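Note on naming: letters A, B, ... go to the chains in the order of the sequence lines (proteins, then strands), and numbering restarts at 1 for each one. Note that the structure is predicted; figures quoted are calculated from it, not measured.
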There are 2 protein chains.
Amino acid sequence: MKRNTWQREAVREALVTADGFVSAQSLHSTLRDGGSPIGLATVYRALSDLTDGGEADSLQSMEGEALYRACTSGGHHHHLICRNCGLTVEIEADAVETWATSVAAANGFTQPQHIVDVFGLCAACSRAAAEQ
Amino acid sequence: MKRNTWQREAVREALVTADGFVSAQSLHSTLRDGGSPIGLATVYRALSDLTDGGEADSLQSMEGEALYRACTSGGHHHHLICRNCGLTVEIEADAVETWATSVAAANGFTQPQHIVDVFGLCAACSRAAAEQ
DNA sequence: GCGCAGTTGAGAATGATTGTCAAAATCAGC
DNA sequence: GCTGATTTTGACAATCATTCTCAACTGCGC
């Protein structure tokens, strides 16, 4: 059975409120700072429940941390992430989907899964970086 | 100054010999098993030197480990990796390159970097899996 | 209110990776 | 070949994200 606890709700809420991708760690401190004495293990559990249920999205940052984000569209999509401020843009990538599938098939591979993410500096951060 | 030690050579050698992507850990045990009393820290150092120097390629597996492989072509390329046996095929991805660049630009992002890797089951492993 | 199975949380455990630092190995010059 | 300065090594500790453990707790159906 699946229970509804304020902890799970709090994690979902914090994830939706967060703007870009956030790490489990920072989500945890955000929650603690917001006055919720929630445990780190619980945050991890809630996050993996959410991702399993398709309500959240996860990816590995370039530094190797796992990052999470509330999933706006249920479907499959990819991300364009600002590596400075974490701003995230969801991108449609039909072209990449079909490319991945066909290149896999061409080499005899089956059950293709792909990791496709683009990191860069968003407009604002690019400007800020240029000014220095 | 950069010195040539047998340890560094051994790591390069082991990396070239390995067929697909290998983790630093397994590279280390392979070397120890092969009779080289090399230290784990040294393997990590050698690997990051190699990747910095463009002689090796690294990526994160789906399980979060860092995997390394000797880079055959100096240029930029992506990989199609068998998630069962580690067999790796280097793939040309000009289409993806330009897609990544243009989608980044379209959203005001600069300095795009992208992670594009396809995992699947190679022909042999697909067959083996089907037989069970 | 009761009982109990799912859930929590503090801390320990894990596992990959990086830092530390004394000892050993390498290279350049003699 | 020998010397000395300097880099590199390697055993071990430290770190960091994540997962596990397990006793205490709690939501939910009765």
Treating A/H114 as the side-chain partner and A/T101 as the backbone partner, does any N or O pair qualify as donor plus acceptor under 3.5 Å?
no
For B/Q7 and D/dG10, is the shortest distance between a side-chain N/O and OP1 or OP2 below 4.0 Å?
yes
Starting from P on C/dT18, measure out to CD on B/Q25 and report it in whole angstrom.
11 Å
Please report, rounded to the nearest Å, how far the P atom of D/dG10 is from the CZ atom of B/R8.
11 Å
For B/S126, what residues pass the side chain to side chain donor-acceptor pair (under 3.5 Å) criterion, not counting sequence neighbours?
A/T110
Flag yes if more than 12 heavy atoms outside B/E13 fall under 6.0 Å of its CD atom; otherwise flag no.
no
Any side-chain heavy-atom pair from A/D117 and A/Q60 closer than 4.5 angstrom?
no
Choose from D/dT9, D/dA5, D/dT18 the nucleotide whose nearest atom is closest to any side-chain atom of B/R3.
D/dA5
Just wondering, do A/V118 and A/H78 contact through their side chains at under 4.5 Å, heavy atoms?
no
For the pair made of CH2 in B/W6 and P in D/dT9, what is the distance, rounded to whole Å?
9 Å
If you take any heavy atom closer than 4.0 Å to DNA chain D, which residues from residues 31-46 of chain B end up in contact?
B/R32, B/P37, B/I38, B/G39, B/A41, B/T42, B/R45
In this structure, how many angstroms lie between the P atom of D/dA17 and the CG atom of A/L47, rounded?
14 Å
Take atom CD of A/Q60 and atom P of C/dT17, then tell me their distance rounded to the nearest Å.
11 Å
B/E9 CD to D/dT9 P, straight-line distance once rounded to whole Å
12 Å
Would A/Q111 and B/R83 count as having a side-chain donor-acceptor pair, cut-off 3.5 Å?
yes
Please confirm whether the shortest side-chain N or O distance from A/T5 to OP1 or OP2 of C/dT8 is below 4.0 Å.
yes
Rounded distance (Å) that lies between atom P of D/dC16 and atom CD of A/E65
11 Å
In whole angstroms, the gap separating P of C/dG11 from NE2 of A/H28 amounts to 12 Å
Heavy-atom donor-acceptor pair, B/H28 side chain to B/I38 backbone, under 3.5 Å
yes
